[in-house]
Amino acid sequence: MSVKRLIHEAKELMERVGVRDPRIEISKDPAFGEVTSTSPFELARKTSRKPIEIAEDVAGKIREITKAGDLIIADAMAAKPGFINFTVNWLKYARVILDEIREEGERYGLSDHGRGATVLIEHTSVNPNKPLHLGHGRNVIIGDTLYRLFRAMGYRTVVVNYIDDSGNQMADIHVAFKRLGYKVDPPSGERYDEYCGRVYAEVSRAIEESQDLLSLKRRILGELEDPTSASSELNKLITDRVLSFQMRTCWRLGARYDILNRESDIVSFKLWDETFTMLVRSGAVYKATEGKDAGCWMINLRDHPVLSKEDDEVLIRSDGTLTYVARDVAYAAWKTGLLEKDFTYRVWGKNPDGTEILETDLRGEVRFDRGRPEIVMTVVDVRQRRPQEVVRHALSKLTGTSSGYVHFGYEVVALSIEDARKLGFNEGEGEFVHMSGRAGLYLTVDAVLDLLKSKALQEASRRHSDWDNDKLEEVAEKIAVAALRYSMLKQDTDKMIVFDSSEASRLVGDTGPYLQYTYARACRILEKSPVRERGERVGVPELVKQERDLLRVVSYAPAVFEEVLNLMLLKRLTTYAHSLCAAFNEFYEYCPVLTAEAEVRDFRLELTKAFTQVLSNVASVMGITLLNEM
RNA sequence: GGGCCCGUAGCUCAGUGGAUAGAGCGCCGGCCUUCGGAGCCGGAGGUCACGGGUUCGACUCCCGUCGGGCCCGCCA
């Protein structure tokens, strides 16, 4: 509630003096009061009066009411072109803020907006033939943060990871094993995802130059169509093994999953058949009889405002096989709960938080009811905007509405030219290079985390000569994850991230570790406090600027979470967390706590405690682990 | 050719109709006998790509131009 309570009170005041549907917003500068109304500008348009006159008039009437002193809002003043600025009785307001934090604790700022509605989130979805690179890392971090956000706002969540185990990107690796002397087992010490990623890059180059290898690849592709073939069996083995390592990386980043959907199962479980029947019945698809697509089943895009400018999309090729988009439509239909048919599962394993992960399995006996999700979010980078729009269009043909299915697109992560050169890239002119699995040009999530971790380890061991290795490792790992998650969340999703390892390995300034450091400082104060019940409820003394500033930013949390959810603006979490910590650090510099006189000390302790609560609520949604010491 | 996204301080980016355009890095100068200097304070640094328009008010909305990126396959 907090600042929203002020807004509410200001609105009521405006209404009481006759302003209908008043506009109240948080002031951009405390010099303009705590909240501000811009309604006089609107009113001026409807009448012939000047905004400033209206503002003065309204503020005067409000002042008559606030004079009584029984509200949090203390006064209203007209300002320059036509604003009405509301000031606050801070002694009273401080108590309100702190009481709310005290009562709501780890729920402070969050809401029950979802009220049990289900949201299904797909993220990660990396082909199981390589390790996760930074682009995948951005996906996992965005997806997992969405999961945390929805959960915090009262939604039931289902997190799914699409495992594209189809033959196409696997066949290369089969060729390497069959013909180029690569062993199925990796050289000792090499992770299996790293191994396959390396093999994949090396063999793709070889295939490009050899007709013979290409025809072998084609043959293997055919064999992989048959689930009972020896190649399919090997394929299952390889993908399982790679997946288990990919999942370790995801867990390392702090992510968790409910379901692993194997792409091959979309066909095995006849989800496509049911979807296709529905598509035919709805009239959304047709079989082309002439032209270049003769013999293919197409989805009709002619009534789509944008896609109609291009050709219709092939769903079933003339040889009867399915395109990627076709399977994606069926998958989306399943995700939104449109289909009668459903998967069965086996238990694949457990998340670090102890919850089970299910994997689709024809012979599986486990069932999972995903319900009919109100929201389905698919986290995929912007290059899939068009195919995702095709999927949306297909769904809207099936349901009559397009609501509920959201493509959460984000820009890719590229490498700075400096980093690319370090990886042996020697061509081109630009300032960045796109990562490519096929070219073997990428930085893995684990490599970057290890780099960050080594920096953090240096710092931590410099400060804590008494810590043992386990302790140092544990703390450094959490710092590394915080740094990476923060940096990925910080940037607008519409902007490409050009990753540069020397810049990214910074642990100072506007970073995840800054939050952790600030939290640790606050913990020291509470820890050294002589008061048994640290941060207990006490009276509010006269406030100094730094105390007011901290209280103010703390009170914004409910409005921030609401904004993040409504606008799906994850970066707002980082700017807020940063401003929160900046305010605390200023408070820390200018307001001694432990050495202050008892009344002030106890209030500052309560404020410090409140700060740690709000910061940990925000950090928890960001997936950043705070640290008592670092 | 069609469609989408981006262009703000030297660099990396916030700011999505309101009052003096903000952070971080880098640079210059300060602050540890006081709760952790992974911090704090101050300074220099901006024709918000450019040109029109809408509005009481535009970095923000609309149109155009110029740069940069992405997408348009019986690939996934």
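Excluded from the calculations below are hydrogen atoms, water molecules and symmetry mates; all remaining heavy atoms, backbone and side chain alike, are included. Per chain, numbering begins at 1; letters A, B, ... match sequence-line order. Computed from a predicted structure; not experimentally measured.
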* Identify, with sequence neighbours excluded, every residue that meets ring pair (Phe, Tyr, Trp, His ring centres under 6.0 Å) alongside A:Y162. =>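 With sequence neighbours excluded, A:Y162 shows a ring pair (Phe, Tyr, Trp, His ring centres under 6.0 Å) to A:Y331, given in chain and number order.
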Between protein and nucleic acid, restricted to nucleotides 26-35 of chain B and to nitrogen or oxygen atoms under 3.5 Å apart, what atom pairs and distances do you find?
{"residue": "B:C35", "atom": "O3'", "partner": "A:K528", "partner atom": "NZ", "Å": "3.2"}
{"residue": "B:C35", "atom": "O2", "partner": "A:L594", "partner atom": "N", "Å": "3.2"}
{"residue": "B:C35", "atom": "N3", "partner": "A:V593", "partner atom": "N", "Å": "3.0"}
{"residue": "B:C35", "atom": "N4", "partner": "A:Y588", "partner atom": "O", "Å": "2.5"}
{"residue": "B:C35", "atom": "N4", "partner": "A:C591", "partner atom": "O", "Å": "2.9"}

Distances under 3.5 Å between protein N/O atoms and the N/O atoms of nucleotides 55-61 of chain B, please, pair by pair.
{"residue": "B:C56", "atom": "N4", "partner": "A:R45", "partner atom": "NH2", "Å": "2.8"}

Under 4.0 angstrom between [X] side-chain N/O and [N] OP1 or OP2:
{"X": "A:Q169", "N": "B:A76", "result": "no"}
{"X": "A:Y517", "N": "B:A38", "result": "yes"}
{"X": "A:R317", "N": "B:A76", "result": "yes"}
{"X": "A:H434", "N": "B:C70", "result": "yes"}

* Asked: Taking the six-membered ring of A:Y286 as reference, does the NZ or CZ atom of A:R302 fall below 6.0 Å from its centre and within a 45° cone about the axis?
  ->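 Output yes; distance and angle both within limits.
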* Under the 6.0 Å and 45° cation-pi test, does A:R138 pair with A:Y410? ->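 Judged by the rule (NZ or CZ under 6.0 Å from the ring centre, within 45° of its axis), A:R138 is not positioned above A:Y410.
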* Asked: When you look at CG of A:N566, are more than 12 heavy atoms from neighbouring residues, nucleotides or ligands closer to it than 6.0 Å?
  ->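 Yes.
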* ring pair (Phe, Tyr, Trp, His ring centres under 6.0 Å): pairs with one or both residues in residues 560-585 of chain A, sequence neighbours excluded ->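 The answer is A:Y514-A:H578, A:F584-A:F587, A:F584-A:F611.
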* To do: Please confirm whether any donor atom in the side chain of A:R463 sits under 3.5 Å from an acceptor in the base of B:A38, or the reverse.
  =>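 Flag set: donor-acceptor pair detected.
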* salt bridge (Lys or Arg N to Asp or Glu O under 4.0 Å) assessment of A:K495 paired with A:E411 -> CA-CA 6 Å; A:K495 279 179 178 159; A:E411 263 290 354; over 6 Å; no
* **Minimum-distance nucleotide (side-chain atoms of A:K495 versus B:G7, B:A76, B:G37)** =>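 Nearest to the side chain of A:K495 among the choices is B:G7.
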* Of the nucleotides B:A23, B:C70, B:C4, which one has an atom closest to the side chain of A:R383? ->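 Looking only at heavy atoms from C-beta outward on A:R383, the closest nucleotide is B:C70.
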* What residue among A:V329, A:V267, A:L315 forms side chain to side chain contact (heavy atoms under 4.5 Å, CB included) with A:L322? ->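 Result: among A:V329, A:V267, A:L315, A:V267 is the only option passing the side chain to side chain contact (heavy atoms under 4.5 Å, CB included) with A:L322.
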* Kindly state which residues belonging to residues 307-316 of chain A come within less than 4.0 angstrom of RNA chain B, counting heavy atoms of the residue only, listed by number. =>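 A:K309, A:E310, A:V314, in order of number.
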* Which nucleotides of RNA chain B pair, in dot-bracket form (Watson-Crick or G-U under 3.5 Å, | meaning another strand) -> (((((((..((((....[...)))).(((((.......))))).....(((((..]....))))))))))))....
* Pair A:T124, A:N161: side-chain N/O donor-acceptor within cut-off below 3.5 Å ->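 A:N161 and A:T124 do not have a side-chain donor-acceptor pair below 3.5 Å.
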* Asked: Looking across every strand, which nucleic acid part, if any, lies under 4.0 Å from A:E629 by heavy atom: base, sugar-phosphate, or nothing?
  ->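 Here A:E629 touches the bases of the nucleic acid.
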